[in-house]
Number of protein chains: 2
Amino acid sequence: MFSKSTEYALRATIYIAQKSSKELKLGIKAIAEGTDSPPSFTAKILQELTRDNKIISSVSGPNGGFYITEEAKKLPVRSILDAMDEDGMLYRCILGLNQCSETKPCPMHIQYKHIKEQLINLFETKTIQELAADIRDGEIFINND
Amino acid sequence: MFSKSTEYALRATIYIAQKSSKELKLGIKAIAEGTDSPPSFTAKILQELTRDNKIISSVSGPNGGFYITEEAKKLPVRSILDAMDEDGMLYRCILGLNQCSETKPCPMHIQYKHIKEQLINLFETKTIQELAADIRDGEIFINND
DNA sequence: ATAATTAAAGATATATTTATCTTTAATTAT
DNA sequence: ATAATTAAAGATAAATATATCTTTAATTAT
């Protein structure tokens with residue numbers, strides 16, 4: 001469905017939202033371990049999410065690390081896809097046709113339409129906060145242990 | 001959603017199912033043009049679909065080309081994903097976790113579950129024949145013209 | 001049989017994705 | 001101020017996906 005980069009971005013963001021606060025920042029190593037992701041690659045990805053503090057915030061130096069603001073936690077999960085330049089995935093034709101639309105549908109368009117709408121709805125309405133809350137509450141996991 | 005290879009495979013198969021018969025085979029050039037796909041890459045992909053005549057059949061030489069048997073037309077669209085080794089996509093965790101399951105769900109599992117079921121259902125029940133019939137009947141398109 | 005046509009197979013090329021490593025800059029504690 | 005710590009930035013490497021081109025094999029028409 002998504003690229004590895006985006007998977008790591010989603011996992012890292014959810015993990016940070018669950019475990020960190022402005023007072024308790026997370027280092028790259030902890031994040032990578034907590035989400036079963038390669039550390040240096042995750043670092044690169046967090047740079048993208050941190051750019052302009054769009055989604056993740058960071059501070060260099062001792063006791064530095066990554067955290068997410070309460071404001072950013074309210075962003076829809078879709079904003080992570082946006083930051084990774086993969087939001088197009090949600091809206092594309094499932095057969096990869098550029099011209100596919102209501103008036104010029106591909107053979108799978110009508111069937112896929114409903115599914116696509118639900119996918120879009122999921123990513124546009126579910127917030128980072130909500131996913132992190134789930135993980136905190138019950139038996140929800142963000143790694144492979 | 002899918003790789004370019006799989007998109008081309010889906011488009012080519014549907015196109016062949018709609019336009020060809022054992023009597024009227026289609027050349028690689030016609031298929032590539034009809035589906036807005038790169039010819040030589042499409043040729044490679046058709047080799048995979050033709051292997052063991054699993055999905056597409058082919059004949060070399062003059063008046064040769066690609067066609068699909070009535071039997072193969074009855075295969076679910078999923079069999080194309082199988083042939084392209086991309087059927088895993090339908091069943092994977094949306095966050096890319098190996099251990100994600102009912103009993104060990106990722107933060108998106110419960111929400112995504114319903115959508116995934118519909119995706120699987122679409123690809124497992126819809127046949128190649130049905131998609132080709134749609135395209136024949138009405139205003140359904142398989143290219144970008 | 002020969003020539004023409006077409007797909008199959010194989011070699012190669014290019015682009016993109018995934019991943020790591022090194023250097024730099026920022027921040028903090030002492 | 002200095003040293004230590006941490007992320008940012010940049011360079012590089014490896015793997016995979018995408019794409020093309022050439023040679024071979026199969027088939028058909030003549």
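Naming convention: chains lettered A, B, ... in sequence-line order (proteins, then strands); numbering from 1 in each chain.
In this structure, Y91(A) has its ring center at least 6.0 angstrom away from the ring center of F123(A).
To the nearest angstrom, C1' of dT18(D) lies 14 Å from CZ of R11(B). Distance, K54(A) NZ to dA8(D) P: 14 Å, rounded to whole Å. In this structure, the CD1 atom of I56(B) is 18 Å from the P atom of dT6(C), given to the nearest Å. Atoms NZ (K4(A)) and C1' (dA19(C)) sit 12 Å apart, rounded to a whole Å. The distance between atom CZ of F41(B) and atom C1' of dT18(D), rounded to the nearest whole Å, is 5 Å. R51(B) places its CZ atom 16 Å from the P atom of dA7(C), with the value rounded to the nearest Å. Between the NZ atom of K25(A) and the P atom of dT5(D) there is a distance of 17 Å, given to the nearest Å. Rounded to whole Å, the distance from CG on D36(A) to P on dT18(C) is 17 Å.
Side-chain atoms of Y8(A) lie closest to dA19(C) of the nucleotides dT28(D), dA19(C), dA19(D). Of the listed nucleotides (dT28(D), dA19(C), dT18(D)), dA19(C) has the atom at the smallest distance from the side chain of P38(A).
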* **Trace of the salt bridge (charged side-chain N to carboxylate O under 4.0 Å, His left out) decision for E86(B) with R92(B)** => CA-CA 10 Å; E86(B) 200 165 358; R92(B) 282 185 79 226; over 6 Å; no

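The side chain of S5(B) contributes an N or O atom lying less than 4.0 Å from OP1 or OP2 of dT18(D). One finds no side-chain N or O of N63(A) lying less than 4.0 angstrom from the OP1 or OP2 phosphate oxygen of dT27(C). Phosphate contact (OP1/OP2 of dA8(C), side-chain N/O of S58(B), threshold under 4.0 Å): present.
Across all strands shown, L26(A) has heavy atoms under 4.0 Å from sugar-phosphate atoms exclusively, and none from any base. The residue K44(B) sits close to a base: some heavy atom pair falls under 4.0 Å. Note on S40(B): a base of the nucleic acid sits closer than 4.0 angstrom, heavy atoms only. Residue I28(B) is in sugar-phosphate contact alone, with no base atom involved, counting any heavy-atom pair closer than 4.0 Å across all strands shown.
Panel note: side chain S37(A), backbone T35(A); a donor-acceptor pair is recorded below 3.5 Å. For the pair S79(A) (side chain) and P76(A) (backbone), a donor-acceptor distance under 3.5 Å is present. A distance-only check finds no donor-acceptor pair linking the side chain of R78(B) to the backbone of D87(B) [under 3.5 Å].
Residues Q99(B) and F141(A) are not in side-chain contact: their nearest non-hydrogen atoms beyond the backbone lie 4.5 Å or more apart.
R51(A) and E48(A) are not joined by a salt bridge, as no carboxylate oxygen comes within less than 4.0 angstrom of a charged side-chain nitrogen.
I56(B) pairs in a side chain to side chain contact (heavy atoms under 4.5 Å, CB included) with only one of the listed residues (I31(B), L49(B), L26(B), T69(B)), which is L49(B).
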* So what does the secondary structure string of DNA chain C come out as, 5' to 3', with Watson-Crick or wobble pairs under 3.5 angstrom, [ ] for crossing and | for pairs with another strand? -> ||||||||||||||||||||||||||||||

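A donor N or O paired with an acceptor N or O is found under 3.5 Å between the base of dA9(D) and the side-chain atoms of Q47(A).
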